[in-house]
2 protein chains.
Amino acid sequence: MLVHASRSTRARSQTVERAALILTCFTSEEPHLGLPALAAKLGLNQSTAYRYVASLQRAGLLSRDDRRGGYRLGLRLIELAGIALNQIEVRKHALDEMDKLRDGVSLLVNLAVLLEGDVLHLAHSAPRALPRMYTALGRRAVAHCTALGKVLLAHRPWDEVRQLIERYGWRPYTEHSIRELGRLQTELQGIRERGYAVDKEERRRDVVCLAAPIRDYSGSVVAALSVSGRKARMTPERQRQLLPRVLEAANRISFRLGFHGNAAYL
Amino acid sequence: MLVHASRSTRARSQTVERAALILTCFTSEEPHLGLPALAAKLGLNQSTAYRYVASLQRAGLLSRDDRRGGYRLGLRLIELAGIALNQIEVRKHALDEMDKLRDGVSLLVNLAVLLEGDVLHLAHSAPRALPRMYTALGRRAVAHCTALGKVLLAHRPWDEVRQLIERYGWRPYTEHSIRELGRLQTELQGIRERGYAVDKEERRRDVVCLAAPIRDYSGSVVAALSVSGRKARMTPERQRQLLPRVLEAANRISFRLGFHGNAAYL
DNA sequence: ATTGGTACTTGCACATATTGAAACTCGGGC
DNA sequence: GCCCGAGTTTCAATATGTGCAAGTACCAAT
């Protein structure tokens, strides 16, 4: 059995870590930061921040915003992300199945994994009708408020889930979002038993999702697949029709990843 | 006239730059590297490389490949790239127009910018018929062998173009790819005069592309738009029909970026 | 089981590259 | 013309990163 979860290794470089922190200061909410803001955010001396930023810029990881001043994330990241994406085994196998599923159900299909307890979107397949999406790719969402996230959390140790909530709080999106440990635990338990998760407007009003887990050769859940649509179109009856199709697609992907077993024991 | 091309600033951090170099060691061709390989590639002591890698890993910029050993680019990059993408003004405005153009012509539509002399794909809009693409997003291509790239190069100073060729060589893709400075110069000149570029199987056999420049408020060419299709479908006649549509779409995007002038003087 | 090889990991003494304070430049708004 | 904030540079002090060399864990071939 593998021991190393996420190596804590005491080998590290302060400089590299602080430079990496600079990158993670940029978020969807604050995609544009000045030197003083960055320095303040990380408690760095402005000189230090400056030198980091200058070097990150040379590497294309950061770039200046000539119009407004300040910095934003650089084009190099887009290139690197492209390479990273193509390395993700599950995504490679999922794309075809996602398109097939989308054609079958005419709904938005999403693929996601867990990153630091949040949902990270790796791909989507949208029916022609839908208005073009802002880049769903790389979008991050609170896990316990989405079907995708709940499926992924359901297959993590409860302790880990609890710690995440403690650390980040509930961060609810709508009035339907879960906000109690007890309810979350029951919900996750149910998801494990049923083999899928439902999101009834917990993420966004008027949007309902169904999600199923994807497993790799070893049986661990490495990703989740979902379909989502407006509430009006996602009647209980429609959901009953949808469910087997989502599960089948997810299972097909798992199969392609080398999972041939029965997941019941997990 | 703007003076600062890419600030040379002598402020820099060796450590940060070397760490960034580690990331750029990973390419589509070598997306998976071990510690010794990385250290060798950059001429670093293995201990040093190790400490960098350990820190990059903590930041999620790198991750281990548990099955094969070695490292690959991390999920964090996908999140960051998503943020970076949404910051790109031209992309925001282009998406709608690209979808409209695609619907009009039923061909693959692409948007790209120049990154270090190469073409970097920022978005695409594919007709339903096309088989799902491997992530075109973030894909990099040799500029002078593609319509997109030639349009972008045509609006850079010739000296810069020449230096790029000198530095990286011709890197041809097919037997039609340009491989002489003289021919390239004539080609770029023609593109500036005509206002569009054509790629006749220079990038891939059997694929023909048409590309047009996109300008921002200041009149500089910041991106390029293209349509591409199989040779058989891109007859000279079809190209004549296509051309005005591509140009119109590109101009519309330029307009939305605040370019209302006449580009003739540039 | 034993061996050898490879990739990864750590400890330590040295000195180099990073650090922070303070001062300077530049440009925009008042 | 003056002020202010963002970005940039300098320089001495030293924390930080460095390379070597030894150590561990794993795999695969004996």
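Order of the sequence lines sets the chain letters (A, B, ...), proteins ahead of strands, with each chain counted from 1.
- Counting atom types as modelled, A:Q46 pairs a side-chain N or O with a base atom of D:dG7 as donor and acceptor under 3.5 Å.
- When only modelled atom types and interatomic distance are considered, A:Q189 and A:E193 share a side-chain donor-acceptor pair under 3.5 Å.
- At whole-Å resolution of the value, CG in B:D66 and C1' in C:dC8 are 14 Å apart.
- Between B:L33 atom CG and C:dA7 atom P the separation is 12 Å, expressed in whole Å.
- By the 4.0 Å N-to-carboxylate-O rule, B:E30 lies too far from B:R72 to be salt-bridged with it.
- Remark: the A:R18 side chain and the A:Q14 side chain contain an N/O donor-acceptor pair separated by less than 3.5 Å.
- With hydrogens and angles disregarded, a donor-acceptor distance shorter than 3.5 Å links the side chain of A:D216 to the backbone of A:G219.
- Formation of a donor-acceptor pair under 3.5 Å by the A:S254 side chain with backbone atoms of A:A250 is found in this model.
- A cation-pi arrangement is not found for B:R215 relative to B:F255, the charged atom failing to lie both closer than 6.0 Å to the ring centre and inside a 45° cone about the ring normal.
- Here the nucleotide nearest the side chain of A:Y50, chosen from D:dA6, C:dT10, D:dT8, is D:dT8.
- Put simply, CG on B:L38 is 12 Å from P on C:dA7, counting in whole angstrom units.
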Protein-nucleotides 28-30 of chain C N/O pairs under 3.5 Å:
none

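- Using a 4.0 Å cut-off between a side-chain N of Lys or Arg and a carboxylate O of Asp or Glu, A:R139 and B:E79 do not qualify as a salt bridge.
- The phosphate of D:dA6 has neither OP1 nor OP2 within less than 4.0 Å of any side-chain N or O from A:R64.
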Contact letters for nucleotides 13-20 of chain C, in which S counts primed atoms plus P, OP1 and OP2 and B counts the base, heavy atoms under 4.0 Å: ----SSBB
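- For the pair A:R12 and B:Y52, the cation-pi criterion (under 6.0 Å, within 45° of the ring axis) is not fulfilled.
- Whole-Å rounding puts the B:L35 CG to C:dA7 C1' distance at 7 Å.
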